[in-house]
Protein chains: 2
Amino acid sequence: MTGRPASPSTLASAEEPVVYVIDDDASVRVALSNLFRSVGLRVEVFGSAHEFLQSTLPNVASCLILDIRLPRLSGLDFQAELAKADIRIPIIFMTGHGDIPMTVRAMKAGAVDFLTKPFRDQDMLDAVTTAIERDRVSRDEARMLSGLQARFATLTPREREVMALVTSGLMNKQIAAEIGIAEITVKIHRGHIMRKMAAKSLPDLVRMAELLGIGPASGGQQT
Amino acid sequence: MTGRPASPSTLASAEEPVVYVIDDDASVRVALSNLFRSVGLRVEVFGSAHEFLQSTLPNVASCLILDIRLPRLSGLDFQAELAKADIRIPIIFMTGHGDIPMTVRAMKAGAVDFLTKPFRDQDMLDAVTTAIERDRVSRDEARMLSGLQARFATLTPREREVMALVTSGLMNKQIAAEIGIAEITVKIHRGHIMRKMAAKSLPDLVRMAELLGIGPASGGQQT
DNA sequence: GGCAGGATCATACCTAGGTTTGGGATCGCG
DNA sequence: CGCGATCCCAAACCTAGGTATGATCCTGCC
């Protein structure tokens with residue numbers, strides 16, 4: 001199973017997940033690489049965090065395995081850096097001599113697992129399975145949300161305002177009074193909103209508004 | 001979650017939060033008790049998990065502090081037991097000689113923090129603040145949800161069915177065709193639903209359905 | 001048996017939502 | 001300066017949603 005699809009598909013969940021391993025010890029890289037390949041997982045290994053950052057990451061479900069004690073940058077600092085750069089990827093830490101505060105910090109920051117060396121292969125594989133699944137879900141959600149946001153971005157300011165009021169449950173006439181325009185104009189805005197957002201029904205639009213975090217305070221507040 | 005205070009108030013967030021401490025070492029109990037009292041927090045101390053379980057817990061924001069090494073029951077097992085008994089309370093672990101796997105297990109199970117003795121007072125206070133706030137939010141949500149569920153329980157089977165279809169975005173005539181009744185009957189059911197659920201608008205009802213986890217999965221919805 | 005609650009439906013009537021057609025005003029930009 | 005985008009509105013017209021009145025039927029229960 002080495003066939004690498006060159007297809008420009010956009011569905012992360014439809015492609016082969018990847019496991020990234022960062023470790024300065026070549027023997028660790030080889031061992032983990034073999035372990036993952038033995039269960040049919042794609043693996044990419046790196047000798048340092050720097051190398052990892054310079055590679056271009058495909059948009060597929062993935063996870064990152066790294067030692068808490070990296071050469072230049074500590075694993076925890078690297079985790080924080082990824083978060084700051086908005087690179088969200090589930091992390092599994094390994095450590096030979098970590099301590100509890102480190103563990104707590106890593107787990108609080110969202111690490112999937114924190115394995116002490118030597119660990120059982122099965123523990124690592126379980127952690128990777130969890131991490132990949134978590135990333136798959138997270139990517140699916142992110143993709144859906146970005147589609148929504150793209151459509152929302154095509155709305156004019158007025159339309160966004162009306163959408164917030166519509167999804168909050170106000171009637172057209174109330175919206176008209178609220179923003180000082182005629183009811184017929186609200187209806188027209190509303191029609192545009194439904195078409196631009198590709199909402200099949202009002203409940204549909206309401207759910208979109210929920211995902212977009214649109215409350216009556218989001219668009220504009222007056223009076 | 002059955003302990004109901006006799007007080008007329010129902011808002012946990014409006015009452016004084018409580019910190020529960022379970023430790024078999026009296027000096028620890030005293031020290032922590034003093035620490036929390038010094039910042040104006042209510043404290044209840046217990047010498048064992050058993051004692052804690054036998055007390056009736058008031059319905060206020062709270063958190064639990066316990067040593068990973070409890071006399072009879074380990075802190076981790078106690079955590080698991082609470083979860084199994086559906087007693088949700090944020091837990092802060094303390095340990096004198098814990099290890100990393102313990103820490104990981106506790107954090108994965110939702111522990112707020114895992115402090116190694118000796119810890120700085122401020123670290124404990126920070127953890128408690130986080131835990132109390134988390135519990136406050138969680139209790140507020142639970143209370144809101146239980147109100148919703150109570151109202152949903154007053155719906156007849158048919159009304160529940162119609163509610164699922166309405167909130168999924170179908171028109172009355174489509175719903176009528178779907179379940180084989182007249183459109184007028186759907187309208188009547190719909191009116192009952194809005195009144196029983198105390199929904200002020202369709203968007204309102206849609207959001208309730210979201211919180212209740214009601215999908216178009218006709219028939220029954222089991223999670 | 002009779003009563004309550006649930007489910008069904010018809011008629012009538014009203015309100016709310018939505019589109020089309022057609023028009024007008026403002027504003028930024030090439 | 002004209003073009004396009006945005007925002008505004010009216011009249012006409014149609015569909016969808018919602019309520020009230022009154023009625024039938026069934027079922028479980030006292």
Side-chain angles (χ1 to χ4, degrees), chain A residues 149-210 212 214 216 218-223, chain B residues 149-210 212 214 216 218-221:
Chain A
Q149 284 166 336
R151 276 173 284 162
F152 185 66
T154 69
L155 297 187
T156 67
R158 199 51 143 177
E159 285 164 356
R160 281 184 208 134
E161 196 179 354
V162 171
M163 177 169 167
L165 296 169
V166 165
T167 55
S168 80
L170 293 188
M171 288 186 307
N172 288 344
K173 64 170 63 170
Q174 294 175 307
I175 296 171
E178 180 82 14
I179 63 182
I181 61 176
E183 187 183 347
I184 181 69
T185 311
V186 174
K187 290 183 180 180
I188 292 170
H189 283 315
R190 199 164 166 161
H192 291 162
I193 293 166
M194 295 299 283
R195 227 167 303 121
K196 286 186 179 180
M197 295 300 290
K200 300 187 314 304
S201 62
L202 178 55
D204 212 9
L205 191 72
V206 171
R207 274 182 274 263
M208 290 181 188
E210 287 287 288
L212 288 168
I214 294 174
S218 177
Q221 193 82 322
Q222 65 259 42
T223 310
Chain B
Q149 285 166 336
R151 277 174 284 161
F152 186 66
T154 69
L155 297 188
T156 67
R158 199 51 142 179
E159 284 164 357
R160 279 182 211 140
E161 195 178 355
V162 171
M163 177 169 166
L165 296 169
V166 164
T167 55
S168 79
L170 293 188
M171 288 186 307
N172 287 343
K173 64 169 64 170
Q174 294 175 308
I175 296 170
E178 180 82 14
I179 62 182
I181 61 177
E183 187 182 347
I184 182 67
T185 311
V186 174
K187 290 183 180 182
I188 292 170
H189 283 316
R190 200 165 166 161
H192 291 162
I193 293 165
M194 295 299 283
R195 229 168 301 122
K196 287 185 178 179
M197 295 300 291
K200 298 186 316 304
S201 63
L202 178 56
D204 212 8
L205 191 71
V206 171
R207 274 182 275 263
M208 290 180 188
E210 287 287 287
L212 289 168
I214 294 174
S218 45
Q221 179 84 354

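Lettering of chains follows the sequences in order, A, B, ..., and the numbering in each one begins at 1. In this text, all values refer to a predicted model and were calculated from it rather than measured experimentally. Computation of the quantities below employed the complete heavy-atom set of this structure, encompassing side-chain atoms and omitting hydrogens, waters and symmetry-equivalent molecules.
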Pairs under 3.5 angstrom, nitrogen or oxygen only, protein versus nucleotides 3-5 of chain D, please.
none

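We find that NE2 of His189(A) is positioned 14 Å from P of dT19(C), with the value rounded to whole Å. Computed from coordinates, the Glu161(A) CD to dT6(D) P distance equals 15 Å when rounded to whole Å. The nearest whole Å value for the distance from the CZ atom in Arg158(B) to the C1' atom in dT27(D) is 16 Å. The CD1 atom of Ile181(B) sits 6 Å away from the P atom of dC9(C) (whole-angstrom rounding). Rounded to an integer number of Å, the gap from CD1 of Ile175(B) to P of dT8(C) is 13 Å. Rounded to an integer number of Å, the gap from Ile179(A) CD1 to dT6(D) P is 16 Å.
In this structure, Leu202(A) CG and Leu202(B) CG are separated by 5.0 Å, a value rounded to the nearest 0.5 Å. Taking CD1 of Ile175(A) as the start and CE of Met163(A) as the end, the distance is 12.0 Å to the nearest 0.5 Å. Rounding to the nearest 0.5 Å gives a distance of 10.5 Å between CD1 of Ile193(A) and OG1 of Thr154(A). Residue Thr167(B) holds its OG1 atom at 12.5 Å from CZ of Arg207(B), rounded to the nearest 0.5 Å. Atoms CD1 and CZ, from Ile181(B) and Arg158(B) in turn, are 5.0 Å apart once rounded to the nearest 0.5 Å.
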Give the B/S/- string for nucleotides 11-23 of chain D, one per nucleotide from 5' to 3', where a protein heavy atom under 4.0 Å of the base yields B, of only the sugar-phosphate yields S, and otherwise -.
B----SBBBB---
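Not counting sequence neighbours, the partners of Arg190(B) by the side chain to side chain donor-acceptor pair (under 3.5 Å) test are Asn172(B). For the side chain to side chain donor-acceptor pair (under 3.5 Å) test, no residue two or more places apart in sequence or in another chain qualifies with Lys173(A). Checked against side-chain contact (heavy atoms from CB on, under 4.5 Å), Met194(A) has the following partners two or more places apart in sequence or in another chain: Ala199(A), Leu205(A).
Looking at Lys196(A), its side chain never comes within 3.5 Å of a backbone N or O of Leu155(A) through a donor-acceptor pair. Judged purely by atom type and a 3.5 angstrom limit, Arg151(A) has no side-chain atom pairing as donor or acceptor with the backbone of Arg195(A).
The nucleotide whose nearest atom lies closest to any side-chain atom of Thr185(A) is, among dC8(D), dT8(C), dA7(C), dC8(D).
Closest approach of Ser201(A) and Ser168(B) over heavy atoms only: OG-O, 4.3 Å.
The rotation axes computed at either terminus of the helix from dG1(C)-dC30(D) to dG30(C)-dC1(D) lie 30° apart, taking five pairs at each end and rounding to 10 degrees.
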